[in-house]
Amino acid sequence: MKLFKMTLILLMVSSISCQSQDKKDTISLNYDAQTRGFQLAIQMENNLLEVTKNNETHQIELSENQFNEVVELVKKIDFNALKSNISMDDLAVDKAIKGVFELNFNNEIYAFEFDHNNAPEQIQELLNKLQSFEALKE
């Protein structure tokens with residue numbers, strides 16, 4: 001009986017340690033775009049998504065497939081090639097909407113400021129995907 005208990009304990013410990021070795025991707029994303037009369041805020045913490053458009057907020061829990069879609073989109077982004085592209089002159093006359101993008105992906109932090117209407121293609125694709133999940137909830 002003592003041997004059985006020891007074997008059972010060893011199996012449980014090895015099972016737990018194997019599970020903890022499965023590394024999951026982690027995402028924390030914040031995007032804010034705002035000017036007079038327009039506001040868009042997207043926050044994502046792993047599989048929890050919150051989208052606020054002009055003071056109307058929707059929260060959803062992403063499925064595993066949806067979360068994996070987001071991870072794949074993030075992995076396709078070449079963050080080294082991205083540059084902030086906001087013009088202070090355009091902001092001064094409300095010609096542009098300032099978008100602030102911050103992402104923590106697997107402990108790598110990225111931050112950029114864009115013209116919301118002229119975001120880099122891969123960032124825009126990611127933002128569109130997140131907003132499409134929010135739209136599915138309605």
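From a predicted model like this one, the values you see are computed outputs, not experimental measurements. Position 1 is the first residue of the sequence, and the numbers go up from there.
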Non-neighbouring partners of A41 that pass side chain to side chain contact (heavy atoms under 4.5 Å, CB included), sequence neighbours left out: D32, Q39, Q43, T52
Reported CG-to-CD1 distance for the pair L103 and I27, which is rounded to 0.5 angstrom: 6.5 Å
Which value, rounded to the nearest 0.5 Å, describes the distance between L49 atom CG and K129 atom NZ? 12.5 Å
Looking at CD of E50 and CG of L130, how far apart are the two atoms once the value is rounded to the nearest 0.5 Å? 12.5 Å
Quick one: pull up CD in E113 and NZ in K83 and give me the separation to the nearest 0.5 Å. 15.0 Å
Using the ring pair (Phe, Tyr, Trp, His ring centres under 6.0 Å) rule, collect all pairs that involve residues 59-83, keeping only residues at least two apart or in two chains. F79-Y110
Verify, without hydrogens or angle tests, whether S63 (side chain) and Q66 (backbone) share a donor-acceptor contact under 3.5 angstrom. yes
State, yes or no, whether a side-chain contact exists between F105 and V71 at a heavy-atom distance under 4.5 Å. yes
Taken to the nearest 0.5 Å, the spacing of E45 CD from N30 CG works out to 8.0 Å
Taking the side chain as everything from C-beta on, heavy atoms only, tell me whether H116 gets closer than 4.5 Å to T35. no
Could you work out, with side chain to side chain contact (heavy atoms under 4.5 Å, CB included) as the rule, every residue matching N68, not counting sequence neighbours? E64
Kindly write out the residues that satisfy side chain to side chain contact (heavy atoms under 4.5 Å, CB included) with D78, not counting sequence neighbours, or none if the list is empty. N80, A81
What about I123 and F38, same hydrophobic cluster or not, with Ile/Leu/Val/Met/Phe/Trp/Tyr joined at side-chain heavy-atom distances under 4.5 Å? yes
Are L40 and I60 linked, directly or through intermediate hydrophobic residues, by side-chain heavy-atom contacts shorter than 4.5 Å (ILVMFWY only)? yes
CD1 of I97 to CD of Q34: how many Å apart, nearest 0.5 Å? 10.0 Å
E125: what forms a salt bridge (charged side-chain N to carboxylate O under 4.0 Å, His left out) with it, not counting sequence neighbours? K76
Could you tell me if the side chain of L126 sits less than 4.5 Å from the side chain of F101, heavy atoms only? yes
Please report the C-alpha distance between N46 and K24 in whole Å, then the side-chain angles of each, then the deciding distance to 0.1 Å, and finally whether the side-chain contact (heavy atoms from CB on, under 4.5 Å) criterion is met. CA-CA 10 Å; N46 293 319; K24 288 203 108 190; over 6 Å; no
Taking side chain to side chain contact (heavy atoms under 4.5 Å, CB included) as the definition, give me every residue that meets it alongside E72, ordered by chain and number, with sequence neighbours left out. K75
